[in-house]
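These values consider heavy atoms only, across backbone and side chains, with no hydrogens, waters or symmetry-generated copies.
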Amino acid sequence: MWLYLCLTSAIFSGFTSVVMKKCSKNNNSISLALIGMIISDIAYVILGVLMTNVISSFNIINLIKIAPLTIIQALGYISGILAVKYASVSTVAPIRKGNTVVTLVLGILILKDSLSILQLILSIILIILTILLARGEDSKKNQSRTKGIIAAYSFVLFNGIAGFLNKLYINIFHDPLIVVFYYGLMGIILIFLYCAFTNNWRNLNIYKINFKEYFLLHSLLDLGANLCQRFSLIEGQVSTVSVIRTSTIKISFIN
């Protein structure tokens, strides 16, 4: 079952970058990130409340424990938006898949995941591909593409660590819906603190976003991809799941 969930997550993830590209150029990146995250976070909290007993067993310590995942995954989300905003999807897609290498290494070193020959080969191919592609884009001396490539590498780091942390928290809490409840609640708190500190509440105004249909579709796809990924991690090794999800690169190129 975990394999089907992982493949579904890969399909959803493959289309998220394509859909986001449709509206990223004509919108404020911070607004897209904040509103996109708060939509997902609210959905996570609702799912946790409706489908678990997390309210009756609520623990503030668990909320604090989940903060590193919330912060790191939020940084990865923002980096992903900036990557497709400044560079083409076909350019950043193979670079972004380098997050597999980060997750795989952390899974092997800390969670003691086993490493297959296929995983090793795929990881080496990803590393070589990202280096060659980045060098090719740098040679064009396009400042916009350079920003996109830097953002894509930031996504690699943050999302790779987040993938590992998701597995770690699922091992602790056992139920992915409990993980996403605390994750979503912490995300909402951090977003409101950010807006209060910067006095920038207008960034949460969804009516100012152009191409709302694409933005909402992206939010739904991203939500589905993350939920499927987390449930696949119940039985699947984080290193195996991360490698399978690299199939999203094909979808990005097709589009």
Without placing hydrogens or testing angles, list every side-chain donor-acceptor pair under 3.5 Å for residues 178-199, not counting sequence neighbours.
unit_1	atom_1	unit_2	atom_2	d
Tyr182	OH	Asn59	N	3.1
Thr198	OG1	Tyr194	O	2.8

*Of all heavy-atom pairs between Ala83 and Ala151, which one has the smallest distance, and what is that distance?*
N-CB, 3.6 Å
*Enter the distance from Tyr214:OH to Ile209:CD1 here, rounded to the nearest 0.5 Å.*
15.5 Å
Indicate every side-chain donor-acceptor pair of residues 60-78 with a distance under 3.5 Å to a residue at least two apart or in another chain.
unit_1	atom_1	unit_2	atom_2	d
Thr70	OG1	Ile66	O	3.2
Gln73	OE1	Asn166	ND2	3.3
Gln73	OE1	Arg230	NH2	3.4

*Can Ile150 be reached from Leu82 by stepping across I, L, V, M, F, W or Y side chains whose heavy atoms are under 4.5 Å apart?*
no
*Is there a path of hydrophobic side-chain contacts, each under 4.5 Å between heavy atoms of I, L, V, M, F, W or Y residues, that connects Leu47 with Leu220?*
no
*Give a yes or no answer on whether the side chain of Lys212 reaches the backbone of Tyr207 with a donor-acceptor pair at less than 3.5 Å.*
yes
*Got a second to check how far Arg202's CZ is from Leu34's CG, nearest 0.5 Å?*
11.5 Å
*Would you name the heavy atoms of Gly36 and Ser219 that are closest together and state the gap between them?*
CA-OG, 4.1 Å
*Short question: side chain of Asn226, backbone of Asp222 - any donor-acceptor pair under 3.5 Å?*
yes
*Taking the side chain as every heavy atom from C-beta outward, state whether Ile39 and Phe215 have any pair of such atoms under 4.5 Å apart.*
yes
*How long is the gap from CG on Leu204 to CE on Met37, to the nearest 0.5 Å?*
9.5 Å
*Would you say the side-chain atoms of Asn200 pair up with the backbone N or O of Asn203, donor to acceptor, closer than 3.5 Å?*
no
*Do you know the tightest heavy-atom contact between Ala43 and Leu223?*
CB-CD2, 3.8 Å
_Quick check: is Ile149 connected to Leu157 through a chain of hydrophobic side chains (ILVMFWY, heavy atoms under 4.5 Å apart)?_
yes
